[in-house]
Amino acid sequence: MLAWLAAGSAAALDNSDIEKLMQDGNYAAAYELAEARVAEGSGEPDFDFLLGLAALESGHAGQAVFALERVLIAEPQNHRARLELGRAYFLQNDYPSARAEFSTVLAANPPENVRARITQFLDEIARREATQQTRTRAYAEVKTGADSNINSATSNTTVEVPGLGPVTLNETSRAQADNFLSYGFGVSVDHALSKTRGLFAAFRAEQRNNFSSDASDTRVLDFRGGAAFAHGQDKFRIPVQLQQFDVNDQAFRRLVSVNPEWTRSFGSADLGTLFLQLGRLSFPGQDTRNARLALLGGAWTHRVSKPNLTLTLGGYYGDERAERSAGNFNGRDYYGARFGAQWAMTPTHNLYASLALQKVKHDAPHPSFGQVRKDHLRQLTAGWRWQPARAWGLNTEVTYLDNRSNISLFAFDRTQLQLSARYDFY
C-alpha cells in the first residue's frame, strides 16, 4: 500500500528527526518540530506531507489541509497526500471535499486494501449526510480601533459654491476623527436536498459605536437566502439579499436585490467567478436618492505553492439609475478593480493586502455646483490574521482611502486601524 502511494521524490531538507518521531508514534512532538520549520520548509512537498500527516494525527485537521493542499499543487499525482487530505476534510466535516479527494484516488485503481478503506470512509460520509442534511454555523465578533474620518467628509473648512462664493462648513460637515467599538454576530444554515442541490440562508448584524460622535454610529442588518446547485466543477448560487444600513439609529439606506453567482474550478490552483446583482436602493425620507441597481463583475483566484500565496484579481461595472428625474444627479455609473494577495506564513498566521480602484461618474450636474460629479477612489488594505485555535481568530488591519473628486466637498482621505476577535460556533 505504501509503495503504491509514495510520491517518490527526493527530500530537499533533512526531515529524518521528524520522521523518527512519527515512527515512534509521537505525532504531537513531530507536529511541533515541523511547525517550527515552516518558514524554511513550506513549499517542499516532502516536508509539507510530513507536516500535514503530523498535524492530522495530532488533532490539527485545519493545519493538515493547508499543508497537504500545498503538496498536491506541486505533485497532483501524489495519491498518498490526496488520501490524507480526504481524511483531513472528513475530520472537518467537509464531506463534499472529502468525497472528491477519495473518488480521485479510487479512479487511479489503487490496491484492494486501499479501496476498501476509502469505501469505508465514503459509506460513513453517506450515513452522516443522510442524518445531517442541515448544517448550522454561527459567529460572534468584536472590533475596536481608531478612524481618522468617521463621516468620510472633506477636511476643508470652506468650499467654493457657484453664485455664492466661499461657504464655511460647520463641524459636522468636516472630517471627524474618533475611536470606535463594534460588535456583531451572524448565523448561517445550509440544507442539502441532494448531492448537487441545496438551500441556504444567512443573517448578520453589526453595530458600530464611536466614542465621541453618536451622529456617525452605524448599524448593518443583512439577510441572504436562496438555492445552490453543482455540476462537475461548476457551482451556482442564486441568493436574494435584504439589507438595511442605519446611521444614528435611523434607517438610512435599504437594499433589495438578487445576486446570481457562478464559480468554476480550473485545476487545483485556479478558481473563476462571475456574479450579477440586480436590485433597488431606497433612502427613507430622501426619495430623490432612490435608484435601480445593476452590477456585473468577476474574479480570478490563483494559488502559488511556494511561498504559499493566494492571488486574486477582480473587476466590476455598476449602474445606479435614479428613479425620479429630480434625483438624476444622484444616479451614477462606476467601474473598478481589486487586486489581493494572501501569504500563509504558517498554518495559523496569514498576512494579506489588497488594492482597490474605482471611478465614478454621476448622471447629471449637481444642482448646487453646476457640474457633473466625478470621483476616483483608491483603497489600500493590509492585515495580519492569527488563528490560535480552531474556533478563534484574531485580526489586525489598517485601511487607507483616498477619494479625489472634481467637487471639493466630496474629496476626502481616511485611515482606519482596527483590532478584532472572532469566535466561530461549529
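Along the sequence shown, residues carry numbers from 1. Fair warning: this is a prediction, and the values are worked out from it, not measured in the lab.
Judged purely by distance below 3.5 Å, without hydrogens or angles, the side chains of Q176 and N149 never pair a donor atom with an acceptor atom. A side-chain donor-acceptor contact under 3.5 Å links D217 and N210. In this model, a donor atom of one side chain and an acceptor atom of the other lie less than 3.5 Å apart for R414 and S152. Between the side chains of Q244 and R254, at least one donor N or O lies within less than 3.5 Å of an accepting N or O. Defined by atom type and a distance below 3.5 Å, a donor-acceptor pair is present between the side-chain atoms of Y316 and Q358. Side-chain atoms of E141 and Y423 include no donor-acceptor pair closer than 3.5 Å. Side-chain polar atoms of S213 and D178 form no donor-acceptor pair below 3.5 angstrom. Side-chain contact annotation: Q207 with N209, donor-acceptor N/O pair under 3.5 Å present.
Summarising the local packing, CZ of R404 is surrounded by 12 or fewer heavy atoms from other residues, nucleotides or ligands at distances under 6.0 Å. By the neighbour-count criterion of 12 heavy atoms within 6.0 Å, atom CD of Q120 is densely surrounded, having more than that number from other residues, nucleotides or ligands. For Y335, the OH atom is loosely surrounded, since the number of other residues' heavy atoms within 6.0 Å does not exceed 12. More than 12 heavy atoms of other shown residues, nucleotides or ligands fall within 6.0 angstrom of atom CH2 in W300. Around CZ of R321, the count of heavy atoms belonging to other residues, nucleotides or ligands within 6.0 Å does not exceed 12.
Salt bridge annotation for R303-E69: present, with a cationic side-chain nitrogen under 4.0 angstrom from a carboxylate oxygen. Comment: R127 does not engage D123 in a salt bridge, judged by the lack of any side-chain N to carboxylate O separation of less than 4.0 angstrom. A salt bridge links R280 with E323: the closest approach of a Lys/Arg side-chain nitrogen to an acidic carboxylate oxygen falls below 4.0 angstrom.
Between F121 and F90, the ring center distance clears the sub-6.0 Å criterion. In this structure, F49 has its ring center at least 6.0 angstrom away from the ring center of F47.
Taken to the nearest 0.5 Å, the OG atom of S257 stands 8.5 Å off from the CD atom of Q243. Taken from CZ in R80 to CG in L68, the straight-line distance is 10.0 Å, to the nearest 0.5 Å.
Between A205 and L221, the shortest heavy-atom distance links the atoms CB-CD2, 3.7 Å. Between F102 and I118, the shortest heavy-atom contact is CB-CG2, 3.6 Å. When all heavy atoms of A64 and A88 are compared, the closest pair comes out as CB-CB, 4.3 Å.
D14 places a side-chain N or O within donor-acceptor distance of the main-chain N or O of S16, the cut-off being under 3.5 Å.
For the pairing with N395, the side chain to side chain donor-acceptor pair (under 3.5 Å) check across W386, W384, Y352 returns one residue only, Y352.
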TODO: Please lay out, stage by stage, how N308 and M345 fare under the test side-chain contact (heavy atoms from CB on, under 4.5 Å).
DONE: CA-CA 8 Å; N308 199 16; M345 297 185 297; over 6 Å; no
Open item on the list: side-chain hydrogen bond (donor to acceptor under 3.5 Å, both in side chains), that's the test. Do R174 and T154 meet it? Break it down for me.
Closed with: CA-CA 5 Å; R174 301 196 304 268; T154 180; over 6 Å; no
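Between F252 and F283, the two ring planes are perpendicular [angle over 60°; tilted spans 30° to 60°].
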